[in-house]
Amino acid sequence: MIPNPDFLSGLNPQQIQAVTAPPGHILVLAGPGSGKTRVLTHRIAYLITQYHLPPANIMAVTFTNKAARVMENRVETLLGEKPRDIWLGTFHALCARILRHEAQHLPFSSKFVIYDEDDQQSLVKAALRELNIDEKMFKPASIHNAISQAKNNMQTPEDLSSRTYREEVVLRVYRRYQELLRMNNALDFDDLLNEAVNLFEKNQSVREHYSRRFGEILVDEFQDTNTAQYQLLRHLTVCNNSLFVVGDEDQSIYRWRGADYHNVLAFEQDFPDFQKILLEQNYRSTQTVLDAARAVIDRNINRTPKRLFSDNGKGEAITLFEALDDKMEADYVADTIRQNIKVHKWKGSQVAVMYRTNAQSRLLEEAFLHANLPYRLVGAQRFYGRREVKDIIAYLRLIFNPSDEVSLTRVINVPPRGIGDRTVAGLQAHAHELNVSAGDVLADLGRQGQASAHFPAFSGRSALNLADFGANLNAWREAAAGGMPLTRLFDRILEDTVYQEYIDDDTEEGHQRWENVLELGKIAAEYDDRGLEDFLERLALVSDQDTLADDVEAPTLLTLHAAKGLEFPIVFITGLDDGLLPHSRSLEDPEEMAEERRLLYVGLTRAKERVYLTRADRRNQYGGYADSAPSRFLKDIPSNTLLHQGLVSSTRAGHTSVERRVHSYADWGTPAPNYGSFRPAPRIEKPTVEQRYPANCRVRHEVWGEGLVVKSVLEDGDETVDVFFDSVGFKRLAASLARLEIIKT
């Protein structure tokens, strides 16, 4: 078959080889920035136009909704029209679609709701309470994590054994958690995958139906698949379909949530007739960035080496700044960005600041505030996690699925309608005794009022309040079943509950919360033609990256894990100290250490033009300072790619050509930030100090405002001050760094 030369124009030889490969089992190992999305979209268009494969026979799987939208838009551009009936989306979204279609084979109805992380935690807490297990001893988040890990390995409660008391608690909670999910006609994210796999394992006709339907299955980010996702693909290819997977073992960074890059090796073993294609030309970064990244990742084993090259030129050297302490490190990042925005006309949106753990953002945020520099924080409370947004979503979920007791518990008294916790507990107990859902009891009370057989189970006032709420729920459900557009249903809920009056208390916060509700209404308007089911599914499967705005003119602060799939002209990677990157938990585990190395590799290769690496000689830990050693990964980066700044220890950093010194900012054309009394010195001396902040004196901090000194101790050549601030409470500070001002009284 002769390809259309115009269709393939602009692709490099390796990309053309991948796009035009005959149907079969194809493994494309794509280096960062090598155009894997371009290959996937051109492959889909090629199959449709050259092989005349109907779009309905193609399944394309991604890991985020944002990536799915990008892929869909690009395919539409290539074809000149939207490919109808193609199955394109995330693993979770496509599994949800299959489960709704095949609900007659499953122990739950097609009206199931998908519980997000908050809902899952609520269910774990409910299970702990029912089992009389102390939440203080067994944290719900930890128990839920153990349950999720078991599900990632496709282990049911029956598959687990307990050797310790904690394992016994996990097993008991896991069992009750699953029972509660079934009672609520709900699934969590892990269930979406596992139930689809179980469906295919137990029902051969269903498995073969989908396997025959999808002649071509394409998978993005294959290295991030977990056990369930790989098993799902194996089931979908029982009819020897064409399986086209694109990934990169070097960018597998989600082991902690079940991702297993060994699936790349499993692919080679399970499909011995596979064809391997390497994408090595990088279209994103400079060669200097690629050389540094390759030097880091080449130390890992169990991988296919890739020769990354770029036509973007050599580019700027990578800046390595070594600070005296973590406060100076954060100040350097903020000041460097502020100065370059002012002098070199950087745009804030061009800059990303990355770190290993969320806790590292605190000092950075303070430094940005002090520098009067705006920023956006990825991983902060998401739009869909805000209280008012979750309230309205809970109402809509309850309309869709009356058995959803998590949503019912959330809104049964929001806004307040005289239904207290005791009444709710009584409602649930009464329903469970009758082996029906609390929603069923409410519906009957709403229809029949005092004539309901359930009415005598409650006190008169409580029964009337429950009946009123049940009547509202019945009216909304009837409206939805009658075809009322989603936007009208949305508005009716707000009107019937007088929600604006409840939430907007004429304060700035109240106004913002009401604006969030209106913003949710705008999103609902996009689903007027598609309906409530699709709307709720979209909300349940949305991720942090999906909500990252593209038009905010401010630097982005985010973890290295959250940076996957993104790119920025300028990247700062902070905290390059042993114990942070690599993380202390990885130091004794070779697999964990390999993933830490991949994490740095991913961070480096997000950069288009410039990279700044920062570290600190000492870090504040629990109120005191501890020395820190440079990351062992720094030794792997070629010295000719680095420009040293700040406090540089040549021997500790693994370089022998430079002394310990401070570099001049004039060397690179940027005004020097003011770092106070910092001077180059062969060692950090611990001078004798005098007490400046006695107990009971009032002080002012530039960020936290006024506070009272509770205690002051002279230690390690500095004064450590315990202050109770009016705004944030207790803080322990090093006086030399805190810049406290004594308030005269």
Side-chain angles (χ1 to χ4, degrees), residues 108-115 118-119 122-123 125-127 129-130 179-187 387-388 390-482 484 486 488-499 502 532-533 535-536:
F108 45 84
S109 82
S110 63
K111 294 289 187 179
F112 66 82
V113 292
I114 303 168
Y115 277 176
D118 288 343
D119 302 321
S122 296
L123 223 56
K125 290 178 181 178
R129 285 195 300 271
E130 290 185 21
E179 291 170 354
L180 291 172
L181 281 172
R182 290 293 171 267
M183 289 171 58
N184 287 271
N185 195 35
L187 301 178
R387 189 182 80 184
E388 58 275 11
K390 287 186 72 69
D391 284 348
I392 305 305
I393 292 172
Y395 273 115
L396 292 168
R397 289 200 331 194
L398 197 54
I399 292 167
F400 179 71
N401 175 18
S403 300
D404 182 1
E405 289 196 14
V406 170
S407 294
L408 176 64
T409 303
R410 182 180 187 90
V411 297
I412 194 169
N413 201 40
V414 175
R417 50 178 63 92
I419 303 175
D421 291 344
R422 289 181 62 184
T423 301
V424 174
L427 169 66
Q428 292 174 327
H430 176 68
H432 295 168
E433 284 176 11
L434 300 175
N435 199 27
V436 297
S437 73
D440 292 334
V441 174
L442 276 174
D444 192 73
L445 284 169
R447 280 191 300 270
Q448 301 193 56
Q450 297 185 36
S452 169
H454 302 295
F455 198 89
F458 309 96
S459 67
R461 184 174 179 180
S462 296
L464 289 172
N465 291 338
L466 290 172
D468 285 345
F469 183 55
N472 267 335
L473 286 176
N474 289 342
W476 297 332
R477 287 176 190 141
E478 289 170 7
M484 176 179 281
L486 183 55
R488 179 67 192 111
L489 179 63
F490 188 96
D491 291 341
R492 182 167 173 181
I493 294 169
L494 299 179
E495 292 166 7
D496 292 349
T497 59
V498 199
Y499 195 81
Y502 162 67
L532 180 57
E533 179 180 311
F535 177 63
L536 292 176

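Here the CG-CG distance, from D440 to L434, works out to 10.0 Å after rounding to the nearest 0.5 Å. Distance CZ/F458 to CG/L466: 5.5 Å, rounded to 0.5 Å. Atoms CD and CG, on E179 and L181 in that order, are 10.5 Å from each other to the nearest 0.5 Å. Here S403 contributes atom OG and L408 contributes atom CG; the two are 10.0 Å apart, rounded to the nearest 0.5 Å. Expressed to the nearest 0.5 Å, how far NZ of K111 lies from CG of L532 amounts to 8.0 Å.
In terms of heavy atoms, G449 sits closest to A467 at CA-CB, 4.5 Å. Heavy-atom minimum distance, A394 versus S407: O-CB, 3.5 Å. Between R492 and A479 the shortest heavy-atom distance is NH1-CB, 3.8 Å. Heavy-atom minimum distance, A480 versus L489: CB-CD2, 4.0 Å.
Formation of a donor-acceptor pair under 3.5 Å by the D444 side chain with backbone atoms of S452 is not found in this model. Checked by atom type and distance alone, the side chain of T423 never pairs as donor or acceptor with a backbone atom of I419 at under 3.5 Å.
Between N413 and F469, every side-chain heavy-atom pair lies at or beyond the 4.5 Å cut-off. Counting only heavy atoms from C-beta outward, the side chains of Q448 and F455 never approach each other to under 4.5 Å. Inter-residue side-chain proximity for E130 and L180 is flagged as met; some heavy-atom pair is nearer than 4.5 Å. For the pair L396/F400, no side-chain contact is recorded, criterion being any heavy-atom separation below 4.5 Å from C-beta on. Looking only at side-chain heavy atoms (C-beta outward), N185 and D404 stay at 4.5 Å or farther from each other. R417 is listed as a side-chain neighbour of T497, based on a closest heavy-atom distance under 4.5 Å. A heavy-atom distance below 4.5 Å is not found between the side chains of L536 and N401. With contacts defined as side-chain heavy-atom distances shorter than 4.5 Å, the pair L398/W476 does not qualify.
Comment: K390 engages D118 in a salt bridge, judged by a side-chain N to carboxylate O separation of less than 4.0 angstrom. A salt bridge links R397 to D119: one of the charged nitrogens lies within less than 4.0 Å of a carboxylate oxygen.
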For this session: Begin with the C-alpha distance, continue with both residues' side-chain angles, and end with the deciding distance and a verdict on side chain to side chain contact (heavy atoms under 4.5 Å, CB included) for L473 and R477.
Result: CA-CA 6 Å; L473 286 176; R477 287 176 190 141; 3.9 Å; yes
Exercise. Yes or no on side chain to side chain contact (heavy atoms under 4.5 Å, CB included) for N184 and V113, after CA distance, side-chain angles and deciding distance?
Worked result: CA-CA 8 Å; N184 287 271; V113 292; 5.9 Å; no
Exercise. Should S462 and N465 be marked as a side chain to side chain donor-acceptor pair (under 3.5 Å) after you check the CA-CA gap, both sets of side-chain angles, and the distance that decides it?
Worked result: CA-CA 5 Å; S462 296; N465 291 338; 5.7 Å; no
Exercise. Step by step, would you call I392 with F490 a side chain to side chain contact (heavy atoms under 4.5 Å, CB included)?
Worked result: CA-CA 8 Å; I392 305 305; F490 188 96; 3.5 Å; yes
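With a 6.0 Å radius and a threshold of 12 heavy atoms from other residues, nucleotides or ligands, R182 has its CZ atom above the threshold.
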